[in-house]
Trainee: 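I'd like to ask you about the structure that follows.
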Amino acid sequence: MELVFLRHGAAADREDWKGDDADRPLTADGADRTKEVVRGLKALKVKPDVILSSPLLRARETAEIAKKGLITGAKVELAEELALAASPDRLIARLADLADKPVVLCVGHEPHISSTISAMVSGKTAAAFDVKKAGACCIRFTGIPKAGAGTLLWLLPPKFLRVIAGQ
């Protein structure tokens with residue numbers, strides 16, 4: 001299985017947002033830049049069989065942009081395992097149930113993505129990665145996903161993905 005993490009795009013500013021944080025949407029610029037990033041993922045031939053998204057609005061919007069841009073038949077499934085406070089072990093367990101899927105795309109948040117990448121690659125949750133908004137990462141598992149068994153294939157900032165999209 002190849003697991004592709006995509007951090008949500010730029011959202012409305014937390015300090016200016018008057019509603020519930022879970023309802024904070026992508027900005028227009030954030031949505032546009034996310035579309036460019038998704039074109040970069042498409043150039044890298046990312047074709048998810050499953051798309052999992054945090055239940056927060058900005059992640060759901062990012063997941064829908066990815067679904068549309070990657071032209072995949074996969075539907076977006078909400079995953080509490082991608083919520084901000086979720087333990088990396090919860091997502092790893094969910095992925096074990098999807099081990100027969102060649103490519104899974106997960107849309108979430110920082111610092112959850114970084115600590116989960118760390119757990120998947122090293123077996124420890126000390127986040128040593130920094131995934132920028134609309135940045136992406138790919139981890140390969142051979143066999144059933146488990147902590148420490150993943151191989152980091154790439155970690156790309158959004159600027160690089162947008163450059164790839166333009167080629």
Trainee: To the nearest 0.5 angstrom, please state how far the NZ atom of K67 sits from the OG1 atom of T62.
Mentor: 15.0 Å
Trainee: Going only through I, L, V, M, F, W and Y residues with side-chain contacts under 4.5 Å, is there a path from I65 to L156?
Mentor: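 I65 and L156: one cluster.
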Trainee: Does any non-hydrogen side-chain atom of I51 lie less than 4.5 Å from one of L70?
Mentor: no
Trainee: For a 4.5 angstrom cut-off between non-hydrogen side-chain atoms, does V131 reach L155?
Mentor: yes
Trainee: Please answer whether the main-chain N or O of H112 pairs with a side-chain N or O of S115 as donor and acceptor at a distance below 3.5 Å.
Mentor: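 Here the side-chain-to-backbone pair exists.
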Trainee: Write down the atom of G40, the atom of A165, and the distance for their closest heavy-atom approach.
Mentor: N-CB, 3.4 Å
Trainee: So which heavy atom on S54 is nearest to which on A83, and how close?
Mentor: OG-CA, 4.3 Å
Trainee: Measuring from atom CG of L95 to atom CD of E81, what distance do you get when rounded to the nearest 0.5 angstrom?
Mentor: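 It comes to 8.5 Å.
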Trainee: Does the pair R162 and D32 meet the rule for a salt bridge (Lys or Arg N to Asp or Glu O under 4.0 Å), with working shown?
Mentor: CA-CA 11 Å; R162 290 192 305 268; D32 289 342; over 6 Å; no
Trainee: Which atom pairs, donor and acceptor, lie under 3.5 Å between side-chain atoms of residues 132-154 and protein residues at least two apart or in another chain?
Mentor:
| from | atom 1 | to | atom 2 | distance (Å) |
| --- | --- | --- | --- | --- |
| K132 | NZ | D130 | OD2 | 3.2 |
| R140 | NE | E2 | OE2 | 3.2 |
| R140 | NH2 | E2 | OE2 | 2.5 |

Trainee: What are the two closest heavy atoms between P102 and D49, and how far apart are they?
Mentor: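 Where P102 meets D49 most closely, the heavy atoms are CD-OD2, 3.0 Å.
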Trainee: With a 4.5 Å heavy-atom cut-off, do T72 and L105 have their side chains touching?
Mentor: no
Trainee: Hey, could you give me the CD1/OG1 distance between I92 and T116, rounded to the nearest 0.5 Å?
Mentor: 7.0 Å
Trainee: How close do A59 and V107 get, counting heavy atoms only, and between which atoms?
Mentor: O-CG1, 3.4 Å
Trainee: Are L78 and L82 grouped together when hydrophobic residues (ILVMFWY) are joined by side-chain heavy atoms under 4.5 angstrom apart?
Mentor: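 Unlinked, L78 and L82 end up in two clusters.
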Trainee: Is any side-chain heavy atom of R24 less than 4.5 Å from a side-chain heavy atom of L56?
Mentor: no
Trainee: Report yes if the side chains of P48 and V4 come closer than 4.5 Å at any heavy-atom pair, otherwise no.
Mentor: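 P48 vs V4: side chains apart.
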Trainee: Locate the shortest heavy-atom distance separating I113 from G108; write the atom from each residue and the value.
Mentor: CD1-C, 3.6 Å
Trainee: Can you tell me how far the CD atom of E36 sits from the NZ atom of K159, to the nearest 0.5 Å?
Mentor: 12.5 Å
Trainee: Any chain of hydrophobic side-chain contacts (each under 4.5 Å) joining V37 to V76?
Mentor: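 Linked, V37 and V76 end up in one cluster.
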Trainee: Between D97 and R94, does any NZ, NE, NH1 or NH2 come within less than 4.0 Å of an OD or OE carboxylate oxygen?
Mentor: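 Salt bridge absent between R94 and D97.
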Trainee: Got M1 and L98 here, is their nearest side-chain heavy-atom distance under 4.5 Å?
Mentor: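 Contact flag for M1/L98 side chains = yes.
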Trainee: Decide whether V121 and V104 are clustered together by the hydrophobic rule: side chain heavy atoms of Ile, Leu, Val, Met, Phe, Trp, Tyr closer than 4.5 Å, transitively.
Mentor: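 Cluster IDs for V121 and V104 match.
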Trainee: For D21 and R58, run side chain to side chain contact (heavy atoms under 4.5 Å, CB included): C-alpha distance rounded to whole Å, both residues' side-chain angles, the deciding distance at 0.1 Å, then the answer.
Mentor: CA-CA 10 Å; D21 184 60; R58 55 197 176 271; 3.1 Å; yes
Trainee: Under 4.5 Å between any side-chain heavy atoms of R90 and E80, yes or no?
Mentor: yes
Trainee: Would you say K47 and V103 make side-chain contact, with heavy atoms under 4.5 Å?
Mentor: no
Trainee: About how many Å separate CZ of F5 and CE of M120, when rounded to the nearest 0.5 Å?
Mentor: 4.0 Å
Trainee: Indicate yes or no for a side-chain donor-acceptor contact from S118 to the backbone of S114 under 3.5 Å, with no hydrogens or angles considered.
Mentor: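 Side chain of S118 to backbone of S114: no pair is present.
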